[in-house]
Amino acid sequence: YGRGGYCIYKIIKLINKNMKKLSEGFNKNYSLEEKAGIEESRTISDAELLRGGAKYKIDKNGQKSLELTKEQIKIIRDKEDKETVLDEIKRAKGKENEHDPCNSYNRISSELKADKEVVLEVLKNNSIAFSITFNIPQELKNDKDIALAVVKKFGLNLSNVSPEFRNNKEVVLAAVKNNGGALQYASAELCADRDVVLTALRFREEYNNPKSLLRYVSPELQADKEIVLTAIYQDIYNSKYASPELRADKEVRKAADRE
């Protein structure tokens, strides 16, 4: 909504709060100083809205009200719609039906689908957060916070993030910690990173995880004895991707020949 839109919304909320306080003032024992402060705050809020195009209107009973512009009204309604959507997403947490967070996201307007706060809330409250990644606008796929949230929920979603983040060590590490198989989507540079590769091997899962992760690592690391042994102990099929020198190594052969 932009800074201006958010400010307008906050101003309206402040006006409503102050008007409520003023009306309650007839029944509560506000001090004169407190009443003056409330009135001053309301006056400042009115001034901000008037600068934005709002106008005072007097009804037939002589009551004064503030008439907002169409743009100001739209900003308020959009903000209220967003709060409704966020509330629905939070309430839908853990529900695997038409009210789950992903379905809530798929039903909302394109403007809210492009709202970072809404997308992060869906990712936070959805247990898998998989289908949503295909509907996220491209500009948000280029956002690091979104990329991290996506891969932390489901590591293989690394395939859906921007190439920039497949070469970002923080994002790739988050992905392989969730599912080591995400290594297959990492950049060549990070497939040559010892820390990334060891982490992927240690967090290997059977579900949705390809065998022989060693096939994705660089030739230099296929010749690294610690990495090769770690990979073979995870899955003996990794032995065929070890360097020729290590395939001839006695310790490596013993690990590969175990039943």
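Side-chain atoms of Asn168 and Lys144, non-hydrogen and from C-beta on, do get closer than 4.5 Å to each other. Under the 4.5 Å side-chain criterion, counting only non-hydrogen atoms from C-beta, Leu183 is in contact with Val217. Contact annotation: the side chain of Asn160 never approaches that of Val150 to less than 4.5 Å [non-hydrogen atoms, C-beta and beyond]. Side chains of Leu190 and Leu173 form no contact here, defined as non-hydrogen atoms less than 4.5 Å apart. Side chains of Leu198 and Glu226 form a contact here, defined as non-hydrogen atoms less than 4.5 Å apart.
Within a 6.0 Å sphere centred on CZ of Arg194, heavy atoms belonging to other residues, nucleotides or ligands number more than 12. Within a 6.0 Å sphere centred on NZ of Lys55, heavy atoms belonging to other residues, nucleotides or ligands number 12 at most.
Going from atom CD1 of Ile227 over to atom CG of Leu221 covers 4.0 Å, rounded to the nearest 0.5 Å. Distance check: Glu220 CD to Asp193 CG gives 12.0 Å after rounding to the nearest 0.5 Å. The OG atom of Ser243 sits 9.0 Å away from the CG atom of Asp249 when rounded to the nearest 0.5 Å. Within the model, atoms CD of Gln222 and CZ of Arg247 stand 9.0 Å from one another, a figure rounded to the nearest 0.5 Å. In this structure, CD on Glu117 lies 12.5 Å from CG on Asp145, to the nearest 0.5 angstrom. The line from CG of Asn142 to CD of Glu164 is 7.0 Å long, rounded to the nearest 0.5 Å.
Remark: side-chain polar atoms of Gln184 are not paired, donor with acceptor, to backbone N or O of Tyr216 under 3.5 angstrom. Between the Arg166 side chain and the Ser159 main chain, a donor and an acceptor come within less than 3.5 Å of each other. No donor-acceptor distance shorter than 3.5 angstrom exists from the side chain of Arg215 to the backbone of Tyr241, with no hydrogens or angles considered.
Minimum heavy-atom separation, Phe165 to Leu158: O-CD1, 4.3 Å. A pairwise comparison of heavy atoms in Gly181 and Leu156 identifies C-CD2, 3.6 Å as the closest pair. When every heavy atom of Leu120 is checked against every heavy atom of Ala149, the shortest pair comes out as CD2-CB, 3.8 Å. Closest of all the heavy-atom pairs between Ala175 and Ala182 is CB-CB, 3.8 Å. Closest of all the heavy-atom pairs between Ala242 and Leu214 is N-CD2, 3.8 Å. Of all non-hydrogen atoms in Asn167 and Ser187, the two that sit nearest each other are OD1-OG, 2.6 Å.
Side-chain contact check for Asp235 and Asn238: no donor-acceptor pair (N or O, by modelled atom type) lies under 3.5 Å.
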Practice task
Could you please spell out the steps behind the side-chain contact (heavy atoms from CB on, under 4.5 Å) verdict for Val151 and Asn178?
Solution key: CA-CA 7 Å; Val151 300; Asn178 177 272; over 6 Å; no
